[in-house]
Amino acid sequence: GMDGAPPAAGPAGLSAFVAVSQLLGLTLLGTTGAWLGRFRGGVAWHGPLQFNVHPLCMVLGMVFLQGDALLVYRVFRHEAKRSTKALHALLHGLALLIALVGIVAVFESHRTKGIPDMYSLHSWCGMAAFVLYLLQWLLGCGFFLFPGASFSLRSWYKPHHIFFGIALFVLSITACLLGITEMLLFNIRDSYSHFVPEGVLANTLGVLLVAFGLVVGYVLTRDDWKRLPLAEELALSMDFKTLTEGESPGGGT
């Protein structure tokens with residue numbers, strides 16, 4: 001902090017919830033890897049294992065990294081807004097790139113195996129999540145990262161951006177749950193009902209996805225855990241408002 005004062009701590013309980021979310025996220029990735037490695041032959045870009053790149057990329061990009069990108073404003077409470085914003089955009093961008101690799105993998109795998117595309121509910125929800133996520137990212141960058149959008153336009157867009165951010169996170173997890181179910185019904189339809197290890201592990205992965213979503217959602221929706229603007233940001237925001245709206249700081253609208 002300024003003049004040698006220690007930086008303010010985050011609100012009570014926040015860091016515990018963030019820690020639990022990260023633990024769940026890493027367990028998610030480990031469980032996905034274990035399922036694909038132990039029961040589905042592993043992951044490879046070329047050949048019959050190319051399909052397995054898809055679930056791994058989707059869980060890593062559309063769930064874990066997307067969730068972490070959403071948490072950025074809660075975790076980095078005392079860093080400059082500009083750098084927090086850049087990190088938020090960067091993590092979402094990385095999530096999109098990894099998800100794109102996963103989408104290419106499933107289309108290429110389908111092509112080589114002669115499997116039809118885009119007929120299942122999973123593929124509809126998944127593709128909707130990806131396309132809308134890309135759109136949300138482009139709009140977010142346009143409104144908040146690059147200069148040009150006026151203060152009132154930003155203020156109007158912000159609640160929409162926040163709502164769709166959480167909605168797309170929920171949709172992404174839903175698409176993953178549908179994908180897990182689809183994979184199990186394709187691969188172990190006859191033995192699934194006998195509580196075979198693969199079925200139990202994949203179901204556990206589904207439960208972990210829901211748990212991760214709930215913990216991240218809880219952190220995001222706690223009003224008292226929102227990032228408060230730093231003093232210099234409030235001043236900057238007033239200057240920005242004056243520049244773009246032509247109002248005097250502190251004056252009535």
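Quantities reported herein were computed from a predicted structural model and do not represent experimental measurements. Note that these values count all heavy atoms, side chains included, but never hydrogens, waters or copies made by symmetry.
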Quiz item: Is the backbone of Gly102 close enough, under 3.5 Å, to the side chain of His54 for a donor and an acceptor to pair up by distance?
Solution: yes

Quiz item: Between Ala80 and Thr84, which heavy-atom pair has the shortest distance, and what is it?
Solution: O-OG1, 2.8 Å

Quiz item: Quick one: does Arg74's side chain have a donor or acceptor within less than 3.5 Å of a partner on Leu14's backbone?
Solution: no

Practice problem: Just say parallel, tilted or perpendicular for the rings of His110 and Phe51, cut-offs at 30° and 60°. | Solution: parallel

Quiz item: Roughly how far apart are Leu56 CG and Thr32 OG1, rounded to 0.5 Å?
Solution: 6.5 Å

Quiz prompt | ILVMFWY cluster, Phe164 and Tyr133 together (side-chain gap under 4.5 Å) | solution = no

Quiz item: If we only count heavy atoms from C-beta on, is the Ile180 to Leu209 side-chain gap below 4.5 Å?
Solution: yes

Quiz item: How long is the gap from NE2 on His122 to CE on Met58, to the nearest 0.5 Å?
Solution: 7.5 Å

Quiz item: Say you draw a straight line from CZ of Phe64 to OG of Ser172; how long is it, rounded to the nearest 0.5 Å?
Solution: 15.0 Å

Practice problem: Verify the neighbour count for atom CH2 of Trp45: are there more than 12 heavy atoms of other residues, nucleotides or ligands below 6.0 Å? | Solution: yes

Quiz prompt | Which atom of Pro55 lies closest to which atom of Leu36, heavy atoms considered | solution = CG-CD2, 3.9 Å

Practice problem: For this output row, return yes or no: ring centroids of Phe151 and Trp156 closer than 6.0 angstrom. | Solution: no

Quiz prompt | Closest heavy-atom pair and its distance - Ala95, Gly61 | solution = CB-O, 3.2 Å

Quiz item: Between His88 and Tyr73, does the ring centre distance come in under 6.0 Å?
Solution: yes

Exercise. Carefully, step by step, assess Leu168 and Met62 under the rule side-chain contact (heavy atoms from CB on, under 4.5 Å).
Key: CA-CA 9 Å; Leu168 287 170; Met62 296 294 286; over 6 Å; no

Quiz item: Are Arg40 and Glu198 ion-paired here, with the side-chain N under 4.0 Å from a carboxylate O?
Solution: yes

Quiz prompt | Co-membership, hydrophobic cluster, residues Phe144 and Leu132, 4.5 Å side-chain | solution = no

Self-check item: Heavy-atom side-chain contact between Asn203 and Leu184 under 4.5 Å
Solution: yes

Quiz prompt | Pair Val219-Val75, side-chain contact (heavy atoms from CB on, under 4.5 Å): steps then yes or no | solution = CA-CA 10 Å; Val219 172; Val75 176; over 6 Å; no

Quiz item: Would a hydrophobic clustering, with Ile, Leu, Val, Met, Phe, Trp and Tyr connected at side-chain separations under 4.5 Å, put Trp124 with Leu134?
Solution: yes

Exercise. Taking all heavy atoms of Leu87 and all of Phe76, pick out the closest pair and write down the distance.
Key: CD2-CE1, 3.4 Å

Quiz prompt | Derivation of the side-chain hydrogen bond (donor to acceptor under 3.5 Å, both in side chains) call for Ser152 and Ser155 | solution = CA-CA 5 Å; Ser152 57; Ser155 307; over 6 Å; no

Quiz item: Taking everything shown except Arg38 itself, do over 12 heavy atoms lie less than 6.0 Å from its CZ?
Solution: no

Quiz prompt | Any Pro229 side-chain heavy atom under 4.5 Å of Lys81 side chain | solution = no

Quiz item: Which atom names give the shortest non-hydrogen contact between Pro197 and Phe39, and what distance separates them?
Solution: CB-CZ, 3.8 Å

Quiz item: Roughly how far, to the nearest 0.5 Å, is the CG atom of Leu220 from the OG atom of Ser21?
Solution: 9.5 Å

Quiz item: Among the clusters formed by ILVMFWY side chains lying less than 4.5 Å apart, do Leu23 and Leu208 turn up in the same one?
Solution: no

Quiz item: Asn52 versus Leu49: any side-chain heavy-atom pair under 4.5 Å?
Solution: yes

Quiz item: Rounded to the nearest 0.5 Å, how far does CG of Leu100 lie from CZ of Phe130?
Solution: 4.5 Å

Practice problem: Answer yes or no: is there a side-chain heavy-atom contact under 4.5 Å between Leu28 and Leu24? | Solution: no

Quiz item: Should Val43 and Gln50 be marked as a side-chain contact (heavy atoms from CB on, under 4.5 Å) after you check the CA-CA gap, both sets of side-chain angles, and the distance that decides it?
Solution: CA-CA 6 Å; Val43 171; Gln50 187 177 27; over 6 Å; no

Practice problem: Please report the shortest heavy-atom distance between Leu178 and Cys125, naming the atom on each side. | Solution: CD1-SG, 3.9 Å

Quiz prompt | Steps toward side-chain contact (heavy atoms from CB on, under 4.5 Å) verdict (Asp117, Ser123) | solution = CA-CA 8 Å; Asp117 293 315; Ser123 62; over 6 Å; no

Quiz item: Do His92 and Leu70 touch side chain to side chain, with heavy atoms closer than 4.5 Å?
Solution: yes

Quiz item: Is Leu97 reachable from Leu138 through a run of hydrophobic residues whose side-chain heavy atoms are each under 4.5 Å from the next?
Solution: no

Exercise. Give the intermediate values and the outcome of salt bridge (charged side-chain N to carboxylate O under 4.0 Å, His left out) for residues Glu108 and Lys113.
Key: CA-CA 9 Å; Glu108 285 205 353; Lys113 294 177 182 171; over 6 Å; no

Quiz item: Apart from Phe186 itself, which Ile, Leu, Val, Met, Phe, Trp or Tyr residues share its cluster (side-chain heavy atoms under 4.5 Å, direct or through members)?
Solution: Tyr119

Quiz item: Is the count of non-hydrogen atoms from other residues, nucleotides or ligands lying under 6.0 Å from Lys226 atom NZ greater than 12?
Solution: yes

Quiz item: Would you say the side-chain atoms of Arg82 pair up with the backbone N or O of Leu145, donor to acceptor, closer than 3.5 Å?
Solution: yes

Practice problem: Using modelled atom types only, decide if a donor and an acceptor are shared between the side chain of Gln136 and the backbone of His161 within a distance under 3.5 Å. | Solution: yes

Exercise. Starting at CE of Met183, measure out to CH2 of Trp35 and round the result to the nearest 0.5 Å.
Key: 4.0 Å

